[in-house]
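No experiment lies behind these values; they were computed from the predicted model shown. Values reported hereafter were calculated over all heavy atoms of this structure, with side chains retained and with hydrogens, waters and symmetry mates removed.
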Amino acid sequence: MHRKMVVGCDEAACDLKDYLIGVLKKEGVEVEDVGVADASDKTVYPLVAERVAKAIIDSGYEKHGMLICGTGIGMAISANKFPGIYAAVCHDQFSTERAKLSNNGNVICMGSRVIGPELARVNLLQWIGLTFKEGSSTPKVNAIKDI
């Protein structure tokens, strides 16, 4: 289980972020919240994604991340600009599983306008319980790294 996570959101997702931080803390996960704190903070999501990505990189990739915006898409696109960051939008359990087990994802992205809090909780709990294992997906993940 991943015990350290960096989380961030934009103004569209503060409530969901705060709820999911509570879920993580109940599971004993150490949480670093890089904002935004509330809907009055209009920091654009690429800057929040940058904060999360840099915190993961600075940790030597020991930390994982969670990014939430309206759809999760912009956060994923932004986070994936950083080396060693593998962010995926996860709005269902199968995608969540495959993002981690097939693609060695280290940042889960969700959209507060797409997914409800209960499914977000289920996906997040699934995410933190999964670990990438070397196997048939390893050559594909290595090809991603090479690019």
Open item on the list: Assigning hydrophobic clusters by single linkage (Ile, Leu, Val, Met, Phe, Trp, Tyr; side-chain heavy-atom cutoff under 4.5 Å), is Ile85 placed with Ile144?
Closed with: no

So salt bridge (charged side-chain N to carboxylate O under 4.0 Å, His left out) across residues 63-79, not counting sequence neighbours, yields Glu32-Lys63

Hits for side-chain contact (heavy atoms from CB on, under 4.5 Å) against Asp41, two or more places apart or cross-chain, chain-then-number order -> Val36, Thr43

Could you list the donor-acceptor pairs under 3.5 angstrom formed by side chains in residues 44-55, with sequence neighbours left out?
from: Glu50; atom 1: OE2; to: Lys54; atom 2: NZ; distance (Å): 3.1
from: Arg51; atom 1: NH1; to: Val34; atom 2: O; distance (Å): 2.6

Within the distance-only criterion (no hydrogens, no angle test), does the side chain of Thr138 pair as donor or acceptor with the backbone N or O of Gly135 below 3.5 angstrom? yes

field: Side-chain donor/acceptor of Ser78 to backbone N/O of Gly74, under 3.5 Å
entry: yes

Next item on the list: Please say whether more than 12 non-hydrogen atoms of neighbouring residues, nucleotides or ligands are located less than 6.0 Å from NZ in Lys42.
Entry: yes

Residues 111-124 vs salt bridge (charged side-chain N to carboxylate O under 4.0 Å, His left out), sequence neighbours excluded, gives Glu118-Arg121

Apart from Ile77 itself, members of its ILVMFWY cluster (side-chain separation under 4.5 Å) are Ile73, Val89

Those residues at least two apart in sequence (or on a different chain) that pass side-chain contact (heavy atoms from CB on, under 4.5 Å) with Asp146 are none

By side-chain contact (heavy atoms from CB on, under 4.5 Å), Lys145 pairs with (sequence neighbours left out) Tyr86, Val141, Asn142

side-chain hydrogen bond (donor to acceptor under 3.5 Å, both in side chains) pairs touching residues 6-20, sequence neighbours excluded, are Lys17-Asp33

Residue pairs passing the salt bridge (charged side-chain N to carboxylate O under 4.0 Å, His left out) test with at least one member in residues 122-144, sequence neighbours excluded, are none

Applying side-chain contact (heavy atoms from CB on, under 4.5 Å) to Glu30 and not counting sequence neighbours gives Lys4

Residues at least two apart in sequence or cross-chain that pass side chain to side chain donor-acceptor pair (under 3.5 Å) with Ser136, listed by chain then number, are none

### Task
Decide side chain to side chain contact (heavy atoms under 4.5 Å, CB included) for Trp127 and His64; before the verdict, give the C-alpha distance in whole Å, the side-chain angles of both, and the deciding distance to 0.1 Å.
CA-CA 10 Å; Trp127 176 271; His64 281 219; 4.2 Å; yes

>> Working note: Tyr61 + Ile56, criterion side chain to side chain contact (heavy atoms under 4.5 Å, CB included); need CA distance, chi angles, decisive distance, verdict.
In response: CA-CA 5 Å; Tyr61 302 93; Ile56 293 168; 3.9 Å; yes

